[in-house]
Amino acid sequence: MFDYPTLKVIWWVLIGVLLLGFALTDGFDMGVGALLPFIGKTDTERRVIINAIGPTWEGNQVWLITAGGAMFAAWPLVYAASFSGFYFAMLLVLFALFMRPVGFEYRAKRDDPRWRASWDWALFAGSAIPALVFGVAFGNLLQGVPFRFDDELRVSYHGGFFALLNPFAVLCGAVSVGMLVAHGAAFLRIKTEGAIARRASHVLRIASLITVVLFIMAGIFVATRITGFEITHAAPLDALANPLLKRVAAAPGLWMANYIAYPWMMLAPALGIVAGVLALALASSRFTRLCFIMTGLLVTSVILTAGFSMFPFIMPSSLDPASSLTLWDSTSSHRTLGIMLIVVIVFVPLIMLYTSWVYRVMRGKVTEQGVQSNTHSMY
């Protein structure tokens with residue numbers, strides 16, 4: 001099997017892949033849900049939009065569950081510290097996500113316009129709030145989270161919920177919402193036709209433009225004003241998890257160090273900007289699948305840009321930089337990482353094969369005539 005330092009890097013990549021899988025699949029579901037009350041003008045149109053994601057949205061959340069379990073197994077210190085720092089934010093996401101299965105299930109129970117409109121807004125909240133909070137969380141990670149470890153590695157958090165809603169974090173949240181709305185609108189262009197597809201094209205142009213502009217603004221902030229972190233004295237890479245064995249410097253602009261050391265990483269933000277512009281240009285074209293690929297590349301590039309900037313940091317500490325968690329000093333034991341790698345090698349391909357099969361079976365457009373004539377539709 002692999003040596004301990006190699007396994008640590010492999011698990012950084014694997015958890016990144018799981019998060020990307022969640023962002024790319026459940027991300028367009030959230031984008032569609034956030035657009036539901038605005039693009040769907042009639043009850044039938046809203047049923048079309050819901051049925052576009054109805055067969056797949058639940059399976060797409062497997063990526064989030066898998067990523068959470070993988071983080072618990074591979075990065076226990078990160079799991080503990082993040083639940084201390086982001087506890088109320090995670091509860092907010094959890095309660096918002098409750099609105100999705102309940103909304104899908106109960107919306108069609110009564111043929112009452114007010115009843116259905118209420119659940120449409122519940123689906124909007126269950127989609128838009130997680131998208132915003134995930135972006136805000138990344139914005140706070142880039143700035144550092146106010147936590148520290150004592151000599152016995154007990155974590156303590158010294159911030160508050162509303163402190164997470166600082167201007168840069170809200171900016172990152174807006175980038176997250178914008179890119180997922182664009183991704184959702186591109187998906188609707190594939191799955192729908194007529195007035196819904198035309199409205200989705202209009203939203204796609206606006207969301208792509210806003211996302212690119214805000215992404216560039218966030219990059220300028222990271223390069224010039226946001227405090228970055230850098231390891232000045234590292235512990236042995238094969239040592240057991242103990243974040244206090246290293247020394248860390250914190251100063252504005254340090255998040256750009258990886259891009260200077262590894263210029264190829266600049267491909268991530270550059271690709272994100274290009275993909276966003278191409279998605280805007282293709283918004284009204286007949287190349288709907290290519291447009292969807294572009295919004296997928298936009299989502300992927302934004303997340304990779306954040307990951308490349310922070311590497312090898314996972315959860316920096318603004319209160320005590322030495323307590324910052326990195327992929328080198330926050331992982332489980334060598335044996336645990338090795339066993340979990342075997343599990344991932346077996347089950348992740350199965351998830352991908354199943355997901356691909358589902359999308360193949362459920363391919364094709366959802367139309368108003370089809371929804372009205374399908375008496376077995378639950379949405």
Original post:
Can you list the residues that meet the side-chain hydrogen bond (donor to acceptor under 3.5 Å, both in side chains) rule with Thr326, with sequence neighbours excluded?
Top reply: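 For Thr326, the residues satisfying side-chain hydrogen bond (donor to acceptor under 3.5 Å, both in side chains) (neighbours in sequence not counted) are Asp329.
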
- With Asn242, which residues qualify under side-chain hydrogen bond (donor to acceptor under 3.5 Å, both in side chains), at least two apart?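 Result, side-chain hydrogen bond (donor to acceptor under 3.5 Å, both in side chains) vs Asn242: none returned.
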
Nearest 0.5 angstrom please: [X] [atom1] to [Y] [atom2], how far?
{"X": "Ile53", "Y": "Glu58", "atom1": "CD1", "atom2": "CD", "result": "12.0 Å"}
{"X": "Asn51", "Y": "Lys365", "atom1": "CG", "atom2": "NZ", "result": "15.0 Å"}
{"X": "Leu92", "Y": "Tyr87", "atom1": "CG", "atom2": "OH", "result": "13.0 Å"}
{"X": "Leu304", "Y": "Leu297", "atom1": "CG", "atom2": "CG", "result": "10.0 Å"}
{"X": "Thr355", "Y": "Arg360", "atom1": "OG1", "atom2": "CZ", "result": "15.0 Å"}
{"X": "Leu164", "Y": "Phe162", "atom1": "CG", "atom2": "CZ", "result": "10.0 Å"}

Which heavy atom of [X] sits nearest a heavy atom of [Y], and at what distance?
{"X": "Pro252", "Y": "Thr224", "result": "CB-O, 3.9 Å"}
{"X": "Val133", "Y": "Ala89", "result": "CG1-O, 4.0 Å"}
{"X": "Pro316", "Y": "Met310", "result": "CD-CE, 3.6 Å"}
{"X": "Phe138", "Y": "Ala306", "result": "CD2-CB, 4.2 Å"}
{"X": "Arg148", "Y": "Ser323", "result": "CA-OG, 3.7 Å"}

With a 3.5 Å distance limit and no angle check, can you tell me whether [X] reaches the backbone of [Y] through a side-chain donor-acceptor pair?
{"X": "His183", "Y": "Val299", "value": "no"}
{"X": "Lys246", "Y": "Thr232", "value": "no"}
{"X": "Glu45", "Y": "Lys41", "value": "yes"}
{"X": "Thr6", "Y": "Phe2", "value": "no"}
{"X": "Thr295", "Y": "Phe292", "value": "yes"}

Check: For residues 330-341, which residue pairs qualify under salt bridge (charged side-chain N to carboxylate O under 4.0 Å, His left out), counting only residues two or more places apart or in two chains?
Finding: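 Counting only pairs at least two positions apart or across chains, no salt bridge (charged side-chain N to carboxylate O under 4.0 Å, His left out) contact touches residues 330-341.
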
Please set out all donor-acceptor pairs under 3.5 angstrom arising from side-chain atoms of residues 119-129, sequence neighbours excluded.
| residue | atom | partner | partner atom | Å |
| --- | --- | --- | --- | --- |
| Asp120 | OD1 | Arg107 | NE | 2.5 |
| Asp120 | OD2 | Arg46 | NH1 | 2.8 |
| Asp120 | OD2 | Arg107 | NH2 | 3.3 |
| Ser127 | OG | Leu123 | O | 2.9 |

Taking the ring of Phe134 and the ring of Phe22, is the distance between their centroids below 6.0 Å? yes

Practice problem: Answer with yes or no after comparing the ring centroid distance for Trp57 and Phe28 against a 6.0 Å cut-off, counting only values under it. | Solution: no

Those residues at least two apart in sequence (or on a different chain) that pass salt bridge (Lys or Arg N to Asp or Glu O under 4.0 Å) with Asp29 are none

* Residue of the set Phe311, Trp75, Trp328 for which ring-ring contact (aromatic ring centres under 6.0 Å, His included) holds with Trp12 ->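 Looking at Phe311, Trp75, Trp328, the match for Trp12 under the ring-ring contact (aromatic ring centres under 6.0 Å, His included) is Phe311.
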
Any non-hydrogen side-chain atom of [X] less than 4.5 Å from a side-chain atom of [Y]?
{"X": "Gln143", "Y": "Asn140", "result": "yes"}
{"X": "Phe86", "Y": "Val145", "result": "yes"}
{"X": "Leu132", "Y": "Ser176", "result": "no"}

Applying ring-ring contact (aromatic ring centres under 6.0 Å, His included), name anything that partners [X], two or more places apart in sequence or on another chain.
{"X": "Trp357", "value": "none"}
{"X": "Phe95", "value": "Phe98"}
{"X": "Phe313", "value": "Trp255"}
{"X": "Tyr79", "value": "Phe72, Phe83"}

Please list every donor-acceptor pair under 3.5 Å in which a side-chain atom of residues 274-286 meets a protein atom from a residue at least two apart or in another chain.
| residue | atom | partner | partner atom | Å |
| --- | --- | --- | --- | --- |
| Ser284 | OG | Arg205 | NH1 | 2.3 |
| Ser285 | OG | Leu282 | O | 2.9 |
| Ser285 | OG | Phe287 | N | 3.2 |

N/O donor-acceptor pairs under 3.5 Å from side chains in residues 207-223, not counting sequence neighbours:
| residue | atom | partner | partner atom | Å |
| --- | --- | --- | --- | --- |
| Ser208 | OG | Leu204 | O | 2.8 |
| Thr211 | OG1 | Gly178 | O | 3.3 |
| Thr211 | OG1 | Met179 | N | 3.2 |
| Thr211 | OG1 | Ala207 | O | 2.7 |

(request) Identify whether Phe88 and Val93 are in the same connected component of the hydrophobic contact network (ILVMFWY, side-chain heavy atoms under 4.5 Å). (result)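 Yes.
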
Going by chain and number, the hydrophobic cluster around Leu319 (ILVMFWY, side chain to side chain under 4.5 Å) further includes none

